[in-house]
J.: 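The structure under discussion is supplied below as C-alpha cells; questions concerning it will follow.
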Amino acid sequence: MSVLQKITSEDAIALEDKHGAHNYHPLPVVLQKGEGVFVWDVEGKKYYDFLSAYSAVNQGHCHPKIVKAMVEQAQTLTLTSRAFYNNVLGKFEKYATETFNFDKLLPMNTGAEAVETALKLCRKWAYEKKGIAENQAKIVVCENNFHGRTTTIISFSNDPVARKNFGPYTDGFIKIEYDNLEALKIVLENNSDIAGFLVEPIQGEAGVYVPSEGYLAGAKALCEEFGVLFIADEVQTGIARTGRLLATCGNCSCADKHCSGTPEVKPDILILGKALSGGAYPVSAVLANDPIMGVIKPGNHGSTFGGNPIAGAVGMAALEVVKEENLAQKAFDLGELFRAELSKFIADCNIVNAVRGKGLLNAILINDTEESSTAWDICMALKENGLLAKPTHGNIIRFAPPLVMNKEQLLDCVAIIIKTLKQFEK
Ligand SMILES: *Cc1c(COP(=O)(O)O)cnc(C)c1O
C-alpha cells in the first residue's frame, strides 16, 4: 500500500488501531489536507480547525512562505549535525534572539526537549553561579502543570494518567499551587537550594487557566528577590497565541501595541516550541542571556537534529509570518470578539458555565461533571457541524484556531459553536 493510495476514514482508523500504539484517543476524523484555518478529511469534508495542533499551527496550515522555505532548504541541505557549522543556524539564532530580546538561543526539536534543556541549564547555573551544593538544586513547579512527556518532566506532573507506573521518578522538584504568590514566597523563604521556578503563563493543557492579573510579574519579582531563575514555558502560549508575541512579553521587540504598552515580565529562561515552526517541522528552542547560557560548554548538551538547516529556515520564516501578518494583534482582537460573542450566549444558556482565555487561547466550561462524556459529545457534534475541537480535561473544551483567521470566519465559527451547544441545552 502506497502512502498516496486513497483510503477511507474507516480504514485509516482501523490501520492505526491495529498497528499503532494506543497512546492517544483521537476524535474519529481522518485529515488529509490543510490550508489556512481549514482542514479536509479523506471524504472531502471541510472543517474549521479549532485546535491548531495544540497551537503549533498559529500561522495557519501549510503557510506558503513557511512551506517554500522548508522545501527550498530541503532541496539544498537538510542535516549536518552540529559536528560542523551550517549556513542557516546562525541567521536563525540572530533573528530569534533579536525578536525575543535575549543574548543566546539553544536549538532543540520538540517542546519536551526544550523543557529538559531549560531544566538542565537552570541546574547547571545554580551550581556554577549561585553556588548551590552538588545535587541539591530544586526547581519549583506548579500543580496541574503540563510540560511534556519525558521521564523527568512527568516526575513533577500530578496527572496520574501521565505518571502512574513510569517511575522511578527524577528528584529535585517542589510543587506549589498555580496562581498563588504566597505559596511561592513561602517555598522560597524556606529553601535556600532553589534554582528556578518553572511556570506556564497560562496553563493550557490543564484547561486554559489564566492566572490573576499581576501573578507573573509578582512571581518574577519574588524570583529576583531570592536569586532564582524565572523559567517561562511558552511552548503553547508563545508566538502570538495569546494576543501578544509572548504571554510574558517583557520588552521584546515585537512592536505590537498591546505588548509594548503593557510589558509583563521578562523571563530569565524562555522555552519555545510548537508555533516556532508554524507546524511545518519540529523546532523548539531555549533562550537566555549570556550569564546564564554561558554555563553550557561543548559536550554538556546536544541533539543530532537540533539546529538543523531546515529547522533554521522554517523557524525564521515562521517568525517572519507572525510579524508580517500582525498575528499578535489579530489574536488579540479576534479573542476579544470571540469571548464577547460567546459570553452573550452563555448569559442565558444552561450548557456552558463560562468562557475564559486570552487572545485566541480560550476554553468553555461545560455544565456537567468531570466524568461525564458531554464535552466529548459536544466535540463530536461540532465535528458534524464542520468545526474540530477537543476536550482538555474533563468537561473543558479548548478553542484555539489558527491566528490567520479573519473576522467573518470567526463569526461563522461562533455561529457553529452556538448552534451546536443549543443541541445540548437541557
Ligand atoms: C505541548 C507542550 C509541551 C511539550 O511539547 P512537545 O513538542 O509535545 O514535546 C511543553 N510545554 C507546554 C506548555 C506545552 O503546551
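Both counts, for ligands and for their atoms, begin at 1 and track the order of listing.
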J.: Ignoring hydrogens and geometry beyond distance, is a side-chain donor-acceptor pair present between Tyr281 and Asn308 at under 3.5 Å?
T.: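 Result is yes, a qualifying pair exists.
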
J.: Do any nitrogen or oxygen atoms of Gln236 come within less than 3.5 Å of a nitrogen or oxygen of ligand 1?
T.: yes

J.: Give yes if a backbone or side-chain nitrogen or oxygen of Gly111 is under 3.5 Å from a nitrogen or oxygen of ligand 1, and no if not.
T.: yes

J.: Considering all protein heavy atoms, does one lie under 4.0 Å from atom 8 (O) of ligand 1?
T.: no

J.: Is Glu205 salt-bridged to Arg398, cutoff N-O under 4.0 Å?
T.: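 Salt bridge present between Glu205 and Arg398.
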
J.: If we set the cut-off at 4.0 Å for heavy atoms, which region of Tyr54 has an atom near ligand 1: side chain, backbone, both, or neither?
T.: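 Neither; nothing of Tyr54 gets under 4.0 Å from ligand 1.
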
J.: Considering non-hydrogen atoms of the protein only, which is the closest contact for atom 1 (C) of ligand 1, and what is the distance?
T.: Lys274 NZ, 1.5 Å

J.: Please work out which of the three classes, parallel, tilted or perpendicular, describes the rings of Phe197 and Tyr215, given edges at 30° and 60°.
T.: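 The rings of Tyr215 and Phe197 stand perpendicular, inter-plane angle above 60°.
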
J.: Which residue and atom name correspond to the protein heavy atom nearest atom 11 (N) of ligand 1, and how close is it?
T.: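 Ranking protein heavy atoms by distance from atom 11 (N) of ligand 1, first comes Asp233 OD2, 2.7 Å.
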
J.: Using heavy-atom distances only, which candidate in Val235, Leu198, Ile153 approaches atom 3 (C) of ligand 1 most closely?
T.: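 Nearest option to atom 3 (C) of ligand 1, by heavy atoms: Val235.
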
J.: What about Phe156 and Tyr169, are their ring centers closer than 6.0 Å?
T.: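 So the answer is no for these two rings.
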
J.: Please could you name the atoms of ligand 1 that Ala112 approaches to less than 4.0 Å, counting only its heavy atoms?
T.: 4 (C), 5 (O), 6 (P), 9 (O)

J.: Any donor-acceptor pair under 3.5 Å linking the side chain of Lys330 with the backbone of Met405?
T.: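 It does hold such a pair.
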
J.: Does atom CZ of Arg356 have more than 12 heavy-atom neighbours from other groups under 6.0 Å away?
T.: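 Atom CZ in Arg356 is crowded, with more than 12 foreign heavy atoms closer than 6.0 Å.
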
